[in-house]
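Below you'll find the structure I mean.
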2 protein chains.
Amino acid sequence: MTKILQRNLYREVADRIGELIEHGELSPGERISEKQLCDRFGVSRTPLREALKVLATEGLIELLPNRGARVVQLTFKKVKDTYDLMAALEGLSGELACEYISDAEISAIRKLHDTMLEHYRNRDLLPYFKVNRQIHESILAAANNDVLQETYSNLNQRVKRVRYSKKMTERYWSQAVKDHENMMAALEKRDGALLGQILRDHLCNKIEVATLAGVINPDYDKSIANG
Amino acid sequence: MTKILQRNLYREVADRIGELIEHGELSPGERISEKQLCDRFGVSRTPLREALKVLATEGLIELLPNRGARVVQLTFKKVKDTYDLMAALEGLSGELACEYISDAEISAIRKLHDTMLEHYRNRDLLPYFKVNRQIHESILAAANNDVLQETYSNLNQRVKRVRYSKKMTERYWSQAVKDHENMMAALEKRDGALLGQILRDHLCNKIEVATLAGVINPDYDKSIANG
DNA sequence: AAAAGTAATTATGAATTCAGTATTCACGAT
DNA sequence: ATCGTGAATACTGAATTCATAATTACTTTT
């Protein structure tokens, strides 16, 4: 692990800790030892503690008065709440995108879409996920709303550790592809209301939640393990 | 100004600075002097700087490397982007609220609604705004989604300094009241799709944006003054 | 042996100190 | 007179130190 050397130390540290959480190297509920992280990153406590405060604001960890920090336990309800919100934001991004998107941007997304279909036909899950994400990000970017993008990005970060780790069932996968066909059509017609509706109803998120519900302790507020 | 005495210093300081920004005591674009704020609050630089990092994460200020912090300049576009987002979140809150809300909660909101109508008839603007806000907050609470509530609260904080400061025109006001009549009806029918749609289209936010557009420099990205 | 109380240790909260960068002001050159 | 260069000053970035709260270990008592 390369030590951190310079510049905007607190932000750098915050990102690195975020990665540790995402990859499960810091377990949910686990006490975060300041000293341990300081040694790991070769940084003093000042920027590290600033990073912890920022991460708490971003919802990745929680601070207990006089008792340090711990990684947030993702409960089923928290994940569901976050996904509900993300679905609404995707819907908005669709509406806005149709207002502002250029022909060039549409054809770029069309290319991504066709590539994704190719991956689907070959059942290449990882490449499929990657292009899928690019499509959603492109629409988000076309929405031309920085606050929206920032907010979505933050929410996504919170649930990253339980995303992209589930296997699709064939049925859900084909439904998701159908959704994308409809999305593409709505986008090319620049039908914002329709695209928004499709994105809000887009099953991806709900699939994952459903999958989680099957995989994990179905208890509503019980913590769930990392992927 | 009472000095800060104890407990969760950084959070306390962040809230206080937030108030200063909201009330316009710190002007947008203005350099924030750490030393000055330290003296004002009777706090050392450590918790103060932690507070600044948090406020930057929350989008109230921005940090310039080696050049300190400044209050974010609210441009017309930023406000519009934020309002678009808040409208979407309100819509979601309406949909979710209809799923979870109890009869008791509905009648509580009905009471608020009737009180608000009373204030409208008397043209009591401030009490009207206050009850109006309580209604929206009640629906948000009934949605039973902590992440949604937290996100909405954060966005609201960013634009607080330009809200609640505009005078309603009679036409917009009566339209807003009509919207609320429809909202109330949808809520009592527990028609989530409808309530969501009404809330998304609810004119309040757009009114304010329109008002701002008339009051301020119409230049899209130009900064706007505090209320 | 178990439990409770106290001392010791460790970790967090905050202040201070040290270092590096930007800004300002003065002086000189064109 | 204006612009450019450089030294002095002020401020931010980060490390260290000091204070206080929490946890642990140990002792003592029942």
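Order of the sequence lines sets the chain letters (A, B, ...), proteins ahead of strands, with each chain counted from 1. Keep in mind the model is a prediction, meaning the values are calculated, not measured.
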| request: Give the rounded distance in Å between these two atoms: CZ of A:Arg31 and C1' of D:dA21. | output: 12 Å
| request: Sequence neighbours left out, what passes side-chain hydrogen bond (donor to acceptor under 3.5 Å, both in side chains) with A:Tyr172? Give chain and number order. | output: none
| message | Can you pull out the residues from residues 57-67 of chain A that lie within a 4.0 Å heavy-atom distance of DNA chain D? | response | A:Asn66, A:Arg67
| query | Quick one: side-chain hydrogen bond (donor to acceptor under 3.5 Å, both in side chains) partners of B:Asp201, sequence neighbours excluded? | reply | B:Gln197
| field | Nearest-nucleotide pick for B:Arg49, side chain only, options being C:dG13, C:dA15, D:dG13 | value | D:dG13
| field | Between C:dA15 (C1') and B:Glu34 (CD): distance, integer Å | value | 14 Å
| request: To the nearest Å, give me how far apart CG (A:Asn8) and C1' (C:dT21) are. | output: 13 Å
| Atom-pair distance (CG on A:Asp39; C1' on D:dA15), nearest Å | 14 Å
| Charged N to carboxylate O under 4.0 angstrom, B:Arg161 versus B:Glu22? | no
| message | Once side chain to side chain contact (heavy atoms under 4.5 Å, CB included) is applied, do any residues pair with B:Ala56, and if so which ones, sequence neighbours excluded? | response | B:Ile61, B:Leu63
| request: May I have the distance from A:Lys53 (atom NZ) to C:dT12 (atom P), rounded to whole angstrom? | output: 10 Å
| said: Could you walk me through whether B:Lys78 and B:Glu62 satisfy the salt bridge (Lys or Arg N to Asp or Glu O under 4.0 Å) test, starting with their C-alpha distance in whole Å, then the side-chain angles of each, then the deciding distance to 0.1 Å, before giving a yes or no? | reply: CA-CA 14 Å; B:Lys78 278 181 200 167; B:Glu62 48 197 3; 5.1 Å; no
| message | Please report the distance, rounded to the nearest Å, between CD in A:Gln36 and P in C:dT12. | response | 11 Å
| query | What is the distance from CG of B:Leu9 to P of D:dA21, rounded to the nearest Å? | reply | 14 Å
| query | Of the nucleotides D:dG13, D:dA15, C:dA11, which one has an atom closest to the side chain of A:Val43? | reply | D:dA15
Show me, pair by pair, the donor-acceptor contacts under 3.5 angstrom made by side chains of residues 135-142 of chain A, not counting sequence neighbours?
{"residue": "A:His136", "atom": "ND1", "partner": "A:Glu90", "partner atom": "OE1", "Å": "2.7"}
{"residue": "A:His136", "atom": "NE2", "partner": "A:Asn132", "partner atom": "OD1", "Å": "3.3"}
{"residue": "A:His136", "atom": "NE2", "partner": "A:His180", "partner atom": "NE2", "Å": "3.4"}
{"residue": "A:Glu137", "atom": "OE2", "partner": "A:Arg133", "partner atom": "NH1", "Å": "3.4"}
{"residue": "A:Ser138", "atom": "OG", "partner": "A:Gln134", "partner atom": "O", "Å": "2.7"}

| note | Sorted by chain and number, sequence neighbours left out, side-chain hydrogen bond (donor to acceptor under 3.5 Å, both in side chains) with A:Glu95 holds for A:Arg200
| message | Tell me every residue that passes salt bridge (charged side-chain N to carboxylate O under 4.0 Å, His left out) with A:Lys35, counting only those two or more places apart in sequence or in another chain. | response | A:Asp39
| note | By side-chain hydrogen bond (donor to acceptor under 3.5 Å, both in side chains), A:Asp15 pairs with (sequence neighbours left out) A:Arg11
| Nearest-Å distance for atom pair CG/P, residues B:Leu52 and D:dA14 | 14 Å
At a cut-off of 3.5 Å, list every protein nitrogen or oxygen paired with a nitrogen or oxygen from nucleotides 16-19 of chain D, distance to 0.1 Å.
{"residue": "D:dT16", "atom": "O4", "partner": "A:Thr46", "partner atom": "OG1", "Å": "3.4"}

